[in-house]
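We name chains A, B, ... by the order of the sequence lines, and we start the count at 1 in each one. Since we're looking at a predicted model, the values are computed, not measured.
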Protein chains: 2
Amino acid sequence: MIGIRGGAVAARRAARMAEIVAAAWELAHEDGIAGLTLHALARRLGIRQPSLYAYFESKDALYDAMFADGNRRLLERLDATELPPDPRRAVDTWLRVFVDFALDDTPRYQLLFLRPIPSFQPSAESYALAEAAMATLIDVLAAAGIDDPGDVDCLVAVVAGLVDAQISNDPGGTRWVRHLDRLVGLYLDDAARRSST
Amino acid sequence: MIGIRGGAVAARRAARMAEIVAAAWELAHEDGIAGLTLHALARRLGIRQPSLYAYFESKDALYDAMFADGNRRLLERLDATELPPDPRRAVDTWLRVFVDFALDDTPRYQLLFLRPIPSFQPSAESYALAEAAMATLIDVLAAAGIDDPGDVDCLVAVVAGLVDAQISNDPGGTRWVRHLDRLVGLYLDDAARRSST
DNA sequence: GTCTATATTTGGATAGAC
DNA sequence: GTCTATCCAAATATAGAC
């Protein structure tokens, strides 16, 4: 069976890598994304630190796998979301899914959307996943009549501002994000007003 | 003269500490706020690394001095600003001063308003300076009829969202902050509408 | 693929002389 | 207040046996 369609060993290896990434997220949750160390990760997995190098050639390669994993989860969640037919409500729904995703796991949000590890730059393959998620937002906004790049920028910045404030100043609460729909509605109304003239 | 009014030596010492802080900002500008090291700082000053401990008992104490220094600069700038009599324009002016301050020196902005050094928590004295700056914004907003804490939260989050996006994605440009006045105006109009009913 | 052992680097902090 | 000399700890990464 060995080597037939290259499957069995590769699958086992992929499964092990997924376990490692899952353990890395656990640690990131406890000590922050920047506090993750390979020693602690190996300890958690019951192996020795150098053994990790059989799977990831560097710590940044591990971060890259986490980055890709996080983006895949976001894409899955967006995929599993039934968007309402009304374009405006579709925007609200998309953004709500995104904010829930962000608040569900703040180290993940930080790795995907902030830049907490200066040495880490996502690979082209991983970055493509992030662009795919962004593309779904572009689509939903376009359907709601938002096609001006400046408007997209503003909406993204407003949502990020609320999420960042929420995470930094009131973790677990809703003090900032509860204004999401109102703020977005305000902006969309204004954009519609501007484009109708 | 020694000891008379406790002045001369204390002044020299304070001046030297200010030099150290200035050099620390230079390095933060080059290597990022988290990339600052005491060895590099001492090298820049032409002294040895342990000598810094004559002025700061720890690296975090140095960060605290930088945090206080940054907030003093912000307060100075706000103090030097002539706010227009019209309350709405006063808000615009205050925010414009703030955004200019933020974009003038991004490591400084990060140290004051983001939390780039997990181990660092500002001392009570330093934090009081940050609160004093925030208090001036509260005043200006109150004069413009914004007294609901939720509205203050929203405006702060929106401005932070624009500034963070600007710094992260288009440093040195204006792609995001050029929307500042429009977004703030939009929000203030809505707030006025809400409070008039 | 996992191990032991170790290299290497970095950087914060302390001791004690001057 | 500054120096030399160290210490200590953490953490990434590599070499080579099994």
(request) When you get a sec, tell me which of C/dG12, D/dA13, C/dG1 is the closest nucleotide to the side chain of A/Leu38? (result) D/dA13
(message) Could you tell me how far apart B/Phe56 (CZ) and C/dG11 (C1') are, to the nearest whole angstrom?
(response) 18 Å
(message) At less than 4.0 Å, is any side-chain N or O atom of B/Ser51 found next to OP1 or OP2 of D/dG1? Yes or no.
(response) no
(request) Please determine, for the side chain of B/Ala54, which listed nucleotide (C/dT14, D/dG1, D/dA11) has the closest atom? (result) D/dG1
(message) Counting only side-chain heavy atoms from C-beta out, which of C/dG12, C/dT2, D/dT2 sits nearest to B/Thr37?
(response) C/dG12
(request) Would you indicate whether the side-chain heavy atoms of A/Leu180 and A/Val158 approach each other to under 4.5 Å? (result) no
(request) Could you tell me whether B/Arg194 sits above the aromatic face of B/Tyr187, with NZ or CZ closer than 6.0 angstrom to the six-membered ring centre and within 45 degrees of the axis? (result) yes
(request) Could you check how far CG of B/Leu52 sits from P of D/dT2, rounded to whole Å? (result) 9 Å
(request) Rounded to the nearest angstrom, tell me the gap between atom CG in B/Leu62 and atom C1' in C/dA13. (result) 14 Å
(message) Check the orientation of B/Phe98 and B/Trp94. Use parallel for under 30°, tilted for 30 to 60°, and perpendicular for over 60°.
(response) parallel
(message) Whether the side chain of A/Asp170 engages the backbone of A/Arg175 through a donor-acceptor N/O pair (distance < 3.5 Å, no angle test) should be reported.
(response) yes
(message) So B/Leu45, base contact, sugar-phosphate only, or nothing? Heavy-atom distance under 4.0 Å.
(response) nothing
(request) Give a yes/no verdict on a cation-pi contact between A/Arg108 and A/Phe101, requiring under 6.0 Å between NZ or CZ and the six-membered ring centre and an angle within 45° of the axis. (result) yes
(request) Whole angstrom is fine here: how far is it from CD in A/Glu19 over to P in C/dG1? (result) 13 Å
(request) Give a yes or no on whether a donor-acceptor pair under 3.5 Å exists between the nucleobase atoms of D/dA11, that is its base, and the side chain of A/Gln49. (result) no
(request) Would you indicate which nucleotide in D/dG1, C/dC3, C/dG1 comes nearest to any side-chain atom of A/Arg13? (result) C/dG1
(request) Check every atom of D/dG1, C/dT2, D/dA5 against the side chain of B/Pro50 and return the nucleotide holding the closest atom. (result) D/dA5
(message) If you only use heavy atoms from C-beta on, which nucleotide in C/dT2, C/dG12, D/dT2 is closest to the side chain of B/Lys59?
(response) C/dG12
(request) Would you mind telling me which residue lines up with the more 5' stretch of DNA chain C, A/His39 or A/Tyr55, judged by nearest nucleotide? (result) A/Tyr55
(request) Whole angstrom is fine here: how far is it from CZ in A/Phe120 over to C1' in D/dT12? (result) 17 Å
(request) Provide, to the nearest angstrom, the distance between the CZ atom belonging to A/Arg16 and the C1' atom belonging to C/dG1. (result) 10 Å
(request) Could you tell me the separation between the OH atom of A/Tyr53 and the P atom of C/dT2, rounded to a whole number of Å? (result) 15 Å
(message) Output the rounded distance in Å from CD (B/Glu57) to C1' (C/dG12).
(response) 14 Å
